[in-house]
Number of protein chains: 2
Amino acid sequence: MLPRFDEVVRVDAPSNNTSKTKEVGAREGTSKPIRIEGVALEAGVSPITVSRALRASTSVSPATRERVLAAVRKTGYVSNPHASALRSGRSTIVAAFLSNLVSQQYNDAATACAEVLEDAGFQLMIGQTAYSYARETAAVQSLRALKPAGIFFSGVVELEANRRAVREFGVPVVESWAFPRDPIDMLVGISNTEAGCMAADHFVGRGRRRLAFVGRSGGRGRLRLNGFRERARELNAEIVLVREVDHVRSISDGRTILRELASYTRDIDAVFIANDLLAIGALLEAPSIGVSVPHDLSILGIGDSEFAARMTPSLSVVAFDASFVGRRAGQLIASRLSGTSKSPSLEHVPLSLVERGSS
Amino acid sequence: MLPRFDEVVRVDAPSNNTSKTKEVGAREGTSKPIRIEGVALEAGVSPITVSRALRASTSVSPATRERVLAAVRKTGYVSNPHASALRSGRSTIVAAFLSNLVSQQYNDAATACAEVLEDAGFQLMIGQTAYSYARETAAVQSLRALKPAGIFFSGVVELEANRRAVREFGVPVVESWAFPRDPIDMLVGISNTEAGCMAADHFVGRGRRRLAFVGRSGGRGRLRLNGFRERARELNAEIVLVREVDHVRSISDGRTILRELASYTRDIDAVFIANDLLAIGALLEAPSIGVSVPHDLSILGIGDSEFAARMTPSLSVVAFDASFVGRRAGQLIASRLSGTSKSPSLEHVPLSLVERGSS
DNA sequence: TTGTAAGCGTTATCAG
DNA sequence: CTGATAACGCTTACAA
């Protein structure tokens, strides 16, 4: 079966011939990139001066810096990050460990973080931790070797040994998505306990009193449950059902969950599904198994997304600005690295309850 | 406003005391990682032998390798990738440039690719190209410095100068998401032209004859339009409307598009929306502006996702296995790097038309 | 199969 | 503010 070829339109670059050091005899892809020494020669200074001129922090006279920058432009010099990392013990790579790449919230955070950091001359390297201690430890191990300039976690590191290890790297670290008392370094956090409280408040405020919770058994799931449970108790509402789900891979897991919940709908009238994919999946499934949302069952999710907003009925959520989390994390790391800020930072990202059709 | 703290549950690592070289005097985060020399000492061989034992390719006697591996385990040695990269001119980082991180298809591809490569000892570094020549060029520039072990593009590189530059890196490169005659190196491709043909076939087969197309004006959008247009002509169907959309950021852009299309529904009876976010957005918007899908307007998207499958009505799509693309790309790069395969590879990923409620 | 010597390109350190 | 020197940790090239 011969496939149909695509007649891809190729575009010629605008003839932007900045450099004449090309097109000499680069037959076999080995036209060696110019080194710092070449720039130094061109600028009439020593290599170390070039190095200094290119790193904002150190002191070089304005005139020299100008000449160096001109030489860099002329030669098209790009620093070798490996050599730099080897000698300085620090790379220009900032590592981001995300719980997953599917949820819009983590995506948004990663995208915003990458944008900020790229503007500051760093690359963001994205990895997944996927909610498992083994993955967490593996991630930390690979960090040790990589010697990243900074680290962003879409969560908090949970194993004590890993916390210690990460702290010892001595680089800026931003944890997020929770609000612990003792972050490793910096924090752009949301309070999961508070989120749970808000969920209970919301349900009871709307006259629901027989509540259910769906979420992970550990980590943020537990925190959300803690808040939910505590506030429910204060309000004299009953938590009839707690369903722990630990390996959510996709929204179709939400379907399974809703099928289960459906058998309880005489006993429960509201469920806080503390996972974005699960909540969306459950809401999608409702019509097909005859559960009327919110009449039979009120559903509240966490973490806003376009899908949540555009579904029918639309999904009510405990929301926060995930892009902001990523952007702020990037800013904190960048400013720490440029020496602008030194103090540890602990920021709180506000939560809001977005009331929509599902609750 | 004092936020509510999360009482995060910390977990102690299982007391897995593999190494006794710790806990000496590492007061200030500077417990230097062990180097290859330490492993060599432990194993009673020279550093270079350790180096060789750890890189599968080179020849070391089985007995020696065993001793080296034991020493590595005992010392907890992790190779410094920067030193390695500096000396060898090749890093263990494989770069992935994705069109975006929001679409499930690219996500799936990236996740699958990362998984394969991590198993083979590489890290996947994810960047975005976001459909712009400027971004494409910037991406290639950063690659030059990074000297990655391999490169995966969720697309084909379009600027000639960039193609040349990438080819000159001399590392395994996988392009994808299109089926050009002359890939830079390897290809795990889908035929966009074919996708357009299939869309036209589908519509005409269902009795639709007044067609519309929505997609990017360049790149894969154009290819899909080419196929769509060509087949429509062959089948005597009319393409009434072509709407080019170049900066799709989110599904809400699909709403705008559907509003526009709605004013044409007397003239068109089917639309091929050659962008996954746009198609989902359009389908979500339909009820609220009184367009009945598929009665008034038949909608076909491209690239399957869970949302496409679970919406009401569900979205018909030209589908292919995005996870497979990423996985295969990872495999090709890994096997090239381990010396297993040498020849260029050109693979075709089959397309299928998933008929659902929207068409 | 294993070892010796040298060097990858940058930056820390110390001197001027 | 600028420069000379050495070193970061590893792997290539060559020798045994």
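Note on naming: letters A, B, ... go to the chains in the order of the sequence lines (proteins, then strands), and numbering restarts at 1 for each one.
- Taking 4.5 Å as the limit, some side-chain heavy atom of Ile151(B) sits within range of a side-chain heavy atom of Val171(B).
- Taking 4.0 angstrom as the limit, Ser88(A) places none of its side-chain polar atoms (N or O) nearer than this to OP1 or OP2 of dT11(C).
- The CG-C1' distance, from Leu41(A) to dG9(C), rounds to 15 Å in whole Å.
- Whole-Å rounding puts the Glu37(B) CD to dG3(C) C1' distance at 14 Å.
- The distance from atom CZ of Arg52(A) to atom P of dG3(D) is 8 Å, rounded to the nearest whole Å.
- Between the side chain of Arg87(B) and the base of dG9(C), no donor-acceptor pair of N or O atoms lies under 3.5 Å.
- Phosphate contact (OP1/OP2 of dC1(D), side-chain N/O of Ser61(A), threshold under 4.0 Å): absent.
- When only modelled atom types and interatomic distance are considered, Arg55(B) and Ser51(B) share a side-chain donor-acceptor pair under 3.5 Å.
- Side-chain nitrogen and oxygen atoms of Tyr77(B) include none within less than 4.0 Å of the OP1 or OP2 phosphate oxygen of dG9(D).
- In this model, the phosphate group of dT10(C) is not approached by any side-chain N or O of Ser51(A) to a distance below 4.0 Å at OP1 or OP2.
- Close to dT2(D), at under 4.0 Å from its OP1 or OP2, lies no side-chain N or O of Ser46(A).
- Contact annotation: Thr64(B) reaches the phosphate of dT2(C) (side-chain N/O to OP1 or OP2, under 4.0 Å).
- In this entry the distance linking CG of Asn80(A) with C1' of dT10(C) reads 8 Å, nearest Å.
- Put simply, CD1 on Ile36(A) is 15 Å from P on dC8(C), counting in whole angstrom units.
- Following rounding to the nearest Å, Ile48(B) (CD1) and dT11(D) (C1') show an atom-to-atom distance of 5 Å.
- Note on ring orientation: taking the six-membered ring where Trp is involved, the planes of Trp177(B) and Tyr106(B) are tilted (angle from 30° to 60°).
- Of the N and O atoms on the side chains of Ser154(A) and Ser176(A), not one donor lies less than 3.5 Å from an acceptor on the other residue.
- Close to dG7(C), at under 4.0 Å from its OP1 or OP2, lies no side-chain N or O of Arg35(A).
- Side-chain N/O atoms of Ser84(B) and Ser79(B) include no donor and acceptor closer than 3.5 Å.
- What separates CZ of Arg55(B) from P of dC10(D) is a distance of 11 Å, to the nearest Å.
- Set against dT10(C), dG3(C), dT11(D), the side chain of Ser84(B) has dT11(D) as its closest nucleotide.
- Between the CG atom of Leu86(B) and the C1' atom of dA6(C) there is a distance of 13 Å, given to the nearest Å.
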